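None of the values given here were measured: they were computed from a predicted structure. What's counted below: heavy atoms across the whole structure, side chains too, no hydrogens, waters or symmetry copies. Residue numbers begin at 1 in each chain, while the letters A, B, ... track the order of the sequences.
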Amino acid sequence: MKADSMFHDARNIPADTTLTTDICIMGAGVAGISMAKEFMSAGFKTVIIESGGLTPDKETQSLYWGENIGIPYYPLDTSRSRFFGGTSHFWHIKLPEKGMGVRLRPMDAIDFEYRDWVPYSGWPYPKSTLIPFYERAQQVCQIGPFNYDPEYWSDDQRTPLPLRDGRTESTIFQFAEREIFFKQYKEELERSPQVSVFLHGNVTEIETSENAGEVTRLRVDCLQGNRFYVKARFYVMAMGAIETARLLLLSDRVCKTGLGNQNDLVGRFFMEHPHLWSGTFVPSSLAVSNSTRLYQIFRKNGLPLLGKMTISEKVLREERLANWCTSIHPDYQLSYQHYMLRDKRGVAAFRKLKSKFSRKPESGSIVNLLGDILGDPASITLAAARKIKGGFRKEFARDRHIAVFKLNHMAEQTPNPDSRVLLADERDGLGQRRVKLDWRLNALDVRTITRAQQIVDSSLRNSGFGYLNIETRPDKIPETIHGGWHHMGTTRMSADPKQGVVDPDCRIHGTPNLYIAGASVFPTAGYANPVLTTIAVTLRLADHLKQQMN
Amino acid sequence: MNLANTQSRRGPASARRWAMVIDLRKCFGCRTCSVACAQQNQTPEKFWRKVEELGLTQDDECQRFFLPISCMHCENPPCASVCPTKATFQRPDGIVEIDPERCIGCGYCILACPYRARTIYHRHLDFEIDDHAPATDREGTCTKCNFCKDRIDAGLAAGLQPGSDMEATPACVNNCSAGALHFGDLNDPQSNVSRLIRECRTLRLNPEHGTEPSVYYIIP
């Protein structure tokens with residue numbers, strides 16, 4: 001740390017000291033840093049308490065460890081980074097030419113609505129309320145204009161597939177560079193006289209007045225033993241959806257079920273974006289195959305962009321589906337198999353018949369196979385010619401052969417009170433109870449993934465653009481389903497204290513000087529990566545706090 | 001005899017010997033180094049550089065360790081001694097390199113490498129990033145980490161210091177936001193790697209093979 005830096009080592013603070021400030025932010029991840037930046041020149045003092053240092057260490061990272069008791073999920077100590085910059089250290093999608101980053105887009109308008117087919121759905125305000133904050137979030141992320149219309153980003157090289165039935169649409173993601181938060185904004189915070197960052201300090205309890213009507217101070221423990229306190233006018237939890245819920249549940253001195261948990265909502269409604277590699281898109285022609293460049297990561301005016309396929313809002317309503325999108329990725333082996341016509345009836349039968357003479361014969365009666373072969377001589381002849389010609393492996397290039405694309409789904413998980421974060425009996429290095437994560441999906445989440453593919457398949461066929469091979473079933477959770485490190489929903493927002501942990505201003509119901517910044521407040525999550533919405537909600541909270549301070 | 005031939009291609013002793021120090025206390029398994037490597041060298045991810053998970057410590061603390069693995073640029077590289085065409089050779093600065101013109105893709109070196117750091121390159125593996133297709137002279141040949149030698153060489157030519165100046169430093173090191181990766185000159189006692197090796201507990205993998213790797217791991 002620089003000598004004149006506003007970054008401090010909490011381990012050097014004398015035991016039982018009480019730091020006093022106007023605003024205390026718990027956590028220096030994307031939400032915490034975004035909020036602190038807002039207060040750099042706001043005229044009042046802000047303190048950030050960050051559990052980790054500027055680089056990771058094993059002891060601190062292990063505080064995240066917990067048990068997964070639901071759908072198999074990433075080890076919890078590997079799904080977040082517990083040091084300055086937080087989860088932005090995991091942003092490493094390769095960008096064209098250079099750099100790494102993270103996908104960004106706002107949620108759709110329908111994601112904010114109450115949908116009668118999605119229990120517990122609906123934000124307390126519409127998307128339009130967040131638009132000005134989304135626009136500011138774009139600036140925080142240093143990305144392009146707040147425009148996600150695929151036509152806006154189209155050019156001669158890249159256009160949305162013109163699907164005729166309007167049921168399948170294209171959707172655009174922008175990308176932010178990964179180093180903004182932990183490098184550039186770190187330097188800005190270091191120079192800010194208004195913001196002090198205390199590293200290696202773990203908030204272990206939120207202490208309140210006797211009726212929990214007000215937070216009185218935070219208890220901060222360092223792994224090396226010293227304990228101190230922070231007293232502020234306003235407190236903001238920005239620790240991620242698992243740790244925020246955990247700390248509220250742990251702060252049970254007054255509310256025996258946990259702070260803000262009088263209605264048994266804290267930790268419930270944990271949401272991810274179910275991710276899945278499954279199925280393929282087989283274009284009908286070389287022209288269609290070459291018309292998919294919008295759906296590969298590209299740069300326009302220097303900004304990295306990516307197109308995906310999604311379902312129109314009208315169809316989501318008609319079919320009563322959750323939101324969904326898929327990216328498409330060219331795959332060499334699948335493209336080669338398609339080139340060699342192995343998906344054609346005759347060639348497939350010929351290969352099966354051939355296998356009858358091998359050690360591992362494939363299924364199928366020989367009579368039927370012969371029937372298929374005789375019924376499809378054209379594909380066999382063409383495949384034989386291509387086999388003799390050879391050279392595919394050397395000459396293959398996407399602009400000369402049809403590329404077959406793998407699908408990478410990213411779906412909405414709808415709110416589910418049984419999908420939740422719980423406290424475990426086991427304790428961490430600070431003596432705090434660890435967490436258990438019970439990640440669950442419901443029938444709508446699972447059905448959406450298959451039905452959405454059927455709709456896209458129909459759109460492609462109706463337009464003469466090809467088809468999808470669908471491998472999922474509408475009634476079975478795919479075995480390879482996984483998350484995207486998107487933790488959301490555990491302290492959901494609602495105007496009604498019985499339906500939400502925080503109010504529309506992200507203030508904990510019943511505790512007016514305690515707020516939450518982060519994706520834990522999302523009542524629903526759409527399919528968009530949560531970062532942009534997280535920052536937008538955080539900026540809205542920052543404005544609210546500025547008003548409160550004034 | 002193979003070893004003798006290998007050494008004969010090393011040329012005169014270099015004033016520098018490049019080494020990498022990996023701080024296992026800091027690596028938290030984000031795998032950014034692997035992505036950076038793939039991007040820099042236009043290979044599929046986990047091709048030249050991968051991060052193995054070693055699991056949790058067997059105590060209440062549940063500390064998880066990771067092991068980034070790539071070519072160790074051994075002082076005594078067994079891959080070079082088995083290469084029938086002498087495609088694998090060691091530069092004077094210690095970097096173990098492969099001449100794609102000589103490599104016939106026989107795979108002996110892959111079997112000889114105790115660190116499983118080598119892979120035969122097939123272009124189709126790279127299809128997903130075909131807009132940035134790699135040089136075709138790699139097709140069917142063995143490839144591996146080369147410490148981003150092009151960056152080092154260009155950086156030195158420009159008067160930069162590998163390990164200190166980002167432009168002259170391997171991509172994995174530059175992109176490690178955990179500060180776990182360090183690169184520098186082992187022959188310079190003032191370099192960051194020399195200092196870390198001197199001041200921290202380090203180990204090198206599989207010392208029983210006598211390979212003398214140039215990659216050191218800082219352990220708790």
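- With a 4.5 Å cut-off on non-hydrogen atoms, A:D428 does not touch chain B at all.
- At least one donor-acceptor pair closer than 3.5 Å links the side chain of A:K58 to the backbone N or O of B:R64.
- More than 12 heavy atoms of other residues, nucleotides or ligands sit less than 6.0 Å from atom CZ of A:R299.
- Here B:E45 pairs with A:K94 in a salt bridge; the nearest charged N to carboxylate O distance falls below 4.0 Å.
- Side-chain atoms of B:Q39 come within 3.5 Å of backbone atoms of A:G99 as a donor-acceptor pair (strictly under, hydrogens ignored).
- Proximity of A:D77 to B:L56: side-chain heavy atoms (C-beta onward) are separated by under 4.5 Å at one or more points.
- Using a 4.5 Å cut-off between heavy atoms, B:A171 does not touch chain A at all.
- Proximity to chain B is limited to the side chain of A:E426, based on heavy atoms less than 4.5 angstrom apart.
- A donor-acceptor pair is defined here as one N or O able to donate and one able to accept, closer than 3.5 Å; such a pair exists between the side chain of A:S62 and the backbone of B:E61.
- When heavy atoms are compared at a cutoff of 4.5 Å, A:F83 approaches chain B solely by way of its side chain, counted from C-beta outward.
- Screening A:R178, A:H92, A:E179 for a side-chain hydrogen bond (donor to acceptor under 3.5 Å, both in side chains) involving B:S177 leaves a single residue, A:R178.
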Query - Stepwise ring-ring contact (aromatic ring centres under 6.0 Å, His included) check, A:Y64 with B:F28 - result: CA-CA 12 Å; A:Y64 272 147; B:F28 67 111; over 10 Å; no

Report task. Apply the test side chain to side chain contact (heavy atoms under 4.5 Å, CB included) to residues A:M100 and B:N175: give CA-CA distance (whole Å), side-chain angles for both, the deciding distance (0.1 Å), then the verdict. Result -> CA-CA 9 Å; A:M100 288 177 248; B:N175 284 280; 3.5 Å; yes

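- Chain B forms the most heavy-atom pairs under 4.5 Å with one residue out of A:K183, A:R427, A:Q61, A:K98, and that residue is A:K98.
- Side-chain contact between B:T32 and A:H89 is absent, with no heavy atoms from C-beta onward closer than 4.5 Å.
- Heavy-atom neighbours of B:K50 NZ from other residues, nucleotides or ligands within 6.0 Å: above the threshold of 12.
- Residue contact with chain B, scored on non-hydrogen atoms closer than 4.5 Å, involves the side chain of A:T78 exclusively.
- In this structure, chain A has no heavy atom under 4.5 Å from any part of B:D23.
- By the 6.0 Å contact criterion, OH on B:Y108 is open, its count of non-hydrogen atoms from other residues, nucleotides or ligands being 12 or less.
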